[in-house]
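Shown next, in structure tokens, is the structure this report addresses.
Letters go in sequence order (proteins before strands), and every chain restarts at 1.
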Amino acid sequence: MIDLRLLREDPDRVRASQRARGEDVGLVDALLSADERRRSSSSRFDQLRAEQRALGKRVPKASGEEKAELLRQAAELSAAVKSADAEQDQAAEEAQSLLLRLGNVVHPDVPVGGEEDFTVLETVGTPRDFAAEGFEPKDHLELGQGLGAIDVERGAKVSGSRFYYLTGVGALLELALVNAAIAQATAAGLTPMLTPALVKPRAMEGTGFLGQAAENVYHLEKDDFYLVGTSEVPLAAYHMDEIIDAGQLPLRYAGFSPCFRREAGTYGKDTRGIFRVHQFDKVEMFSYVAPEEAEAEHTRLLEWEKQWLSGLGLAYQVIDVATGDLGASASRKFDCEAWIPTQGKYRELTSASNCNEFQARRLSVRMRENKDGKQVTRPLATLNGTLCAVPRTIVALLETHQRPDGSVTVPEVLRPYLGGRDVLEPVAK
RNA sequence: GGAGGCUUCGCCUAGUCUGGUCUAUGGCGCCGCACUGCUAAUGCGGUUUGGGUUAACCGCCCAUCCCGGGUUCAAAUCCCGGAGCCUCCGCCA
């Protein structure tokens with residue numbers, strides 16, 4: 001959630017942000033007046049309650065006629081307090097529900113527009129020229145099947161469309177990727193974490209996934225659990241309701257977990273292979289920092305992503321995602337898109353978001369620091385970035401490093417995690 | 001699944017039986033000041049969190065003793081429901 005003080009003092013900035021996101025600008029004014037009602041009803045309650053307490057203190061000291069009179073007045077006040085309390089609760093609830101619908105205020109440098117209106121910040125590496133090498137690249141599924149690495153037919157038989165098995169060398173490849181990613185993150189000082197994949201509503205809500213993104217989240221009705229779409233959720237909620245000493249910051253984690261996505265509204269998109277699936281594993285980086293450090297941290301996360309992709313020998317571009325394509329929690333988002341040879345375009349492999357204080361306010365994660373000789377508490381900033389989303393990385397790897405005979409060269413960084421193997425060979429059918 | 005115990009302002013803790021100066025005790029930690037050649041030690045003071053009021057500060061008011069209801073003029077304290085943690089039993093990877 002955003003800072004209500006900012007909303008009161010500079011509502012135009014919030015309106016502009018909503019407009020840029022292509023979201024309801026009227027929400028800002030609805031929230032302003034709901035906040036007004038919340039404050040006035042709360043004042044009314046506070047005042048009545050103060051009277052009630054003052055009167056209550058006199059009761060035990062009085063006696064006889066006087067006491068009877070006090071009790072009569074107190075009973076009246078008691079009723080008034082009760083109704084003021086109910087009014088206050090209702091007003092607070094209304095303001096809160098409006099506040100939760102409001103997305104983060106976007107960073108001023110973010111390009112305005114929809115999915116196609118991103119800015120390319122940088123291009124790294126050169127897409128491999130298969131025509132010059134004289135052969136037609138196979139797509140990841142054909143390659144994966146040849147290697148005995150991917151089985152989508154049985155995935156569909158057992159679980160339906162967008163499910164798959166990683167088999168044999170495919171399974172080993174995932175484990176190698178995950179180990180290499182965790183090793184890189186650990187070397188950079190991040191704390192490796194294995195996180196829950198089922199979370200309570202508060203964690204999901206606080207991370208910002210129950211607004212517009214709600215239709216993409218699996219929910220277990222009977223137990224009221226949500227399946228996480230990323231370990232960002234359990235990592236953000238890890239410090240929920242805590243106050244962290246400024247000296248402990250930054251806190252950096254590398255979470256590994258399965259990720260579940262309903263992929264609603266993507267009917268017919270990326271139906272072949274394992275590019276877009278309902279369940280996959282991912283290594284995710286997550287940082288808690290002081291708000292003034294957030295932008296520098298955002299760049300840092302991006303650098304670690306670039307280091308990872310470059311190490312895998314992939315060609316990619318970095319984009320500044322446009323306002324209309326930002327998640328509710330993000331003020332700015334950088335995606336790394338890797339070149340997929342058979343698609344002839346760059347596709348998203350990683351994504352780093354700066355949520356500044358937005359998630360921390362919702363989850364009540366604060367920092368305590370010494371300012372001018374006084375201890376102050378304020379929300380901190382959270383950021384997240386993909387290190388390795390396994391299936392998409394496999395797609396890019398197989399296609400990029402394939403050879404004419406259907407074998408695939410293993411990038412050097414992965415070899416130690418594949419028993420020294422430097423090439424994956426097709427298996428006999 | 002069954003039985004019992006626990007949950008208080010960063011951490012530990014007093015208070016709950018017997019409702020009202022609980023405006024929540026003490027210790028640790030932390031912050032400030034003093035003393036000191038420096039450090040340590042010591043002394044004094046401060047230190048829950050959130051909301052409101054304020055241009056801001058000071059101050060003041062309200063809420064907050066795991067959460068939600070209830071009883072009462074009045075709830076940390078009594079009653080009901082729930083959550084989490086711990087111990088034991090059962091089942092189980």
Side-chain angles (χ1 to χ4, degrees), chain A residues 1-11 31-100 194 196-206 220 222-226 234 237-249 251 258 288 290 357 359-380:
Chain A
M1 64 183 75
I2 66 160
D3 188 355
L4 273 177
R5 237 166 324 197
L6 169 72
L7 182 79
R8 275 180 228 146
E9 283 164 16
D10 195 358
L31 180 53
L32 276 171
S33 69
D35 181 50
E36 188 62 50
R37 282 195 298 280
R38 177 186 67 85
R39 280 183 292 157
S40 63
S41 66
S42 144
S43 289
R44 245 191 323 276
F45 168 78
D46 285 359
Q47 202 179 335
L48 283 169
R49 181 74 175 137
E51 277 177 51
Q52 183 189 37
R53 291 180 46 146
L55 196 60
K57 270 181 195 164
R58 289 163 57 197
V59 170
K61 292 174 192 151
S63 59
E65 191 75 1
E66 192 194 355
K67 183 159 190 165
E69 172 59 18
L70 282 176
L71 285 178
R72 200 190 53 73
Q73 287 178 26
E76 253 173 52
L77 252 182
S78 180
V81 165
K82 203 165 187 174
S83 80
D85 193 15
E87 241 174 80
Q88 172 191 240
D89 282 351
Q90 205 201 334
E93 214 171 284
E94 280 170 15
Q96 184 67 11
S97 84
L98 289 172
L99 182 57
L100 285 176
L194 295 173
L198 297 181
V199 298
K200 298 197 275 189
R202 170 117 193 269
M204 212 58 176
E205 170 97 276
L220 298 181
K222 193 168 181 186
D223 301 286
D224 203 10
F225 276 132
Y226 289 93
Y238 187 63
H239 289 296
M240 178 162 75
D241 293 327
E242 293 181 18
I243 300 175
I244 296 162
D245 223 36
Q248 311 255 309
L249 300 177
L251 288 171
Y288 294 80
E357 297 108 304
Q359 288 178 331
R361 266 198 207 92
R362 290 180 160 220
L363 292 165
S364 187
V365 187
R366 291 147 296 169
M367 58 185 279
R368 197 197 307 277
E369 67 185 336
N370 186 353
K371 198 168 188 182
D372 305 325
K374 276 192 169 177
Q375 300 279 90
V376 300
T377 304
R378 60 183 172 122
L380 44 66

(message) Looking at A:S78, I'd like to know whether one of its side-chain N or O atoms comes within less than 4.0 Å of OP1 or OP2 on B:A74.
(response) yes
(message) Is it the case that the base of B:G51 and the side chain of A:D46 share a donor-acceptor contact (distance under 3.5 Å, atom types as modelled)?
(response) yes
(message) Would you say that A:F225 contacts A:V199 through its side chain, given a criterion of any heavy-atom pair below 4.5 Å between the two side chains?
(response) no
(request) Starting from P on B:C11, measure out to CG on A:D241 and report it in whole angstrom. (result) 12 Å
(request) Describe the nucleic acid contact of A:R5 in one word from base, sugar-phosphate, nothing, applying a heavy-atom distance below 4.0 Å. (result) nothing
(message) Go nucleotide by nucleotide along RNA chain B from the 5' end; which of A:Q52 and A:Q88 gets its closest nucleotide reached first?
(response) A:Q88
(request) Could you state the atom-to-atom distance from CG of A:D245 to P of B:C28 in whole Å? (result) 19 Å
(request) Have a look at A:R378 and tell me which of A:R366, A:R361, A:E369 forms a side chain to side chain contact (heavy atoms under 4.5 Å, CB included) with it. (result) A:E369
(request) Ignoring backbone atoms, test whether A:S42 places a side-chain nitrogen or oxygen under 4.0 Å from the OP1 or OP2 oxygen of B:C62. (result) no
(request) Ignoring backbone atoms, establish whether A:R38 has a side-chain N or O less than 4.0 Å from OP1 or OP2 of B:G52. (result) yes
(request) Determine which nucleotide pairs with B:A34, using a 3.5 Å limit on both distances of a Watson-Crick or G-U wobble pair. (result) B:U42
(message) Counting only side-chain heavy atoms from C-beta out, which of B:U71, B:U49, B:A63 sits nearest to A:K82?
(response) B:U71
